[in-house]
Amino acid sequence: MKIFIDTAKIDEIETAFSWGIIDGVTTNPSLIKSAVDELKSKGEKIDIKTYIKRILEIAKGFPVSLEVIGTSFEEMYREAKILYEEFNKIADNVVIKIPINPSLEEKASYDGLKTIYKLSKEGIPVNVTLIMKVEQAILASKAGARYVSPFAGRIDDYLRNKIGWKDFKKEDYYPEKGIQFKEQVLDDEGIVSGVDLVKKIVDVFNKYNFKTEIIAASIRNSRQVREIALTGCQIATIPFYVLSEILIHYKTAEGMRKFISDVVPEYKQIFYK
Ligand code: E4P
């Protein structure tokens, strides 16, 4: 299983790469905003191009997804070419993120698919974002996507919002098998959780031997990472706070305290004279 880091913050990317566990980076406009806001709050001057180039250098040898901001085929294709031409020469690791349905309303816009198809035909790797349905993932793959990114956490948010559940934290666990509400399991057209969405995309892609890789995105907690891993999904893109949380366990900390308190002077002398 590959692990990508889901952030645009250089310090987080650098730190996570130093742990030897990272196989790629995903960004989106909101993550870039959060990185830029943090720099501004520290009074640092921002040159966004140089900033992105630094990310690409740190991640050399691993894919970095950069997202377009347009909503029409013409805009997205133009922006994708600009991103690819400006940045891919740095470390040859740029992947272009294109939304599956770039409409701002609940209407179909096929400009996403058209852009995915054209870029893929030209050999530019595409990560298709905002995947909320198995069917969307199938179309993205058919159009030539290198990656599809189903948003697990946002499906869980959506299911909770459906029943007016508002007082949950973004990182709260949502059961893979869904939750019971009024004698039935809450669902979004048969999908009972974000992990369920990922699992079903994995099943379909395996059935038909699709070559597109699946990046489980919008991951919010450690347990969700485990459940995603069990689906057989090739990649999980994980925010820094979740990567940090994975290490924590009561018994690990207790074990550490015991080992450290049991160190006898004779053993310590091996390391410290
Ligand atoms: C990554 O590709 C996605 O943009 C990201 O995982 C979204 O996560 P969020 O739903 O927590 O914002």
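In listed order, ligands and their atoms are each counted from 1.
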Chemist: Would Asp203 and Lys207 pass as an ion pair if we require N to O under 4.0 Å?
Modeler: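 Looking at Lys207 together with Asp203, the answer is no, because their closest N to O distance does not fall below 4.0 Å.
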Chemist: Just wondering, are more than 12 heavy atoms of other shown residues or ligands nearer than 6.0 Å to OH in Tyr117?
Modeler: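 No.
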Chemist: Apply salt bridge (charged side-chain N to carboxylate O under 4.0 Å, His left out) to the pair Glu122 and Lys118, showing each step before the final yes or no.
Modeler: CA-CA 6 Å; Glu122 291 175 17; Lys118 184 140 174 66; 3.3 Å; yes
Chemist: Are the charged groups of Glu171 and Lys169 less than 4.0 angstrom apart, N to O?
Modeler: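 No.
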Chemist: Whether Arg54 and Glu57 form a salt bridge (side-chain N of Lys/Arg under 4.0 Å from carboxylate O of Asp/Glu) is what I want to check.
Modeler: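 Judged by the 4.0 Å cut-off on N to carboxylate O distance, Glu57 and Arg54 do form a salt bridge.
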Chemist: Report all protein residues having a heavy-atom distance below 4.0 Å to some atom of ligand 1; order the list by chain, then number.
Modeler: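 Asp6, Thr26, Asn28, Lys97, Phe151, Arg154, Lys170, Ala217, Ser218, Arg220.
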Chemist: Tell me whether Glu86 is salt-bridged to Lys53, with the criterion being a basic N under 4.0 Å from an acidic carboxylate O.
Modeler: yes
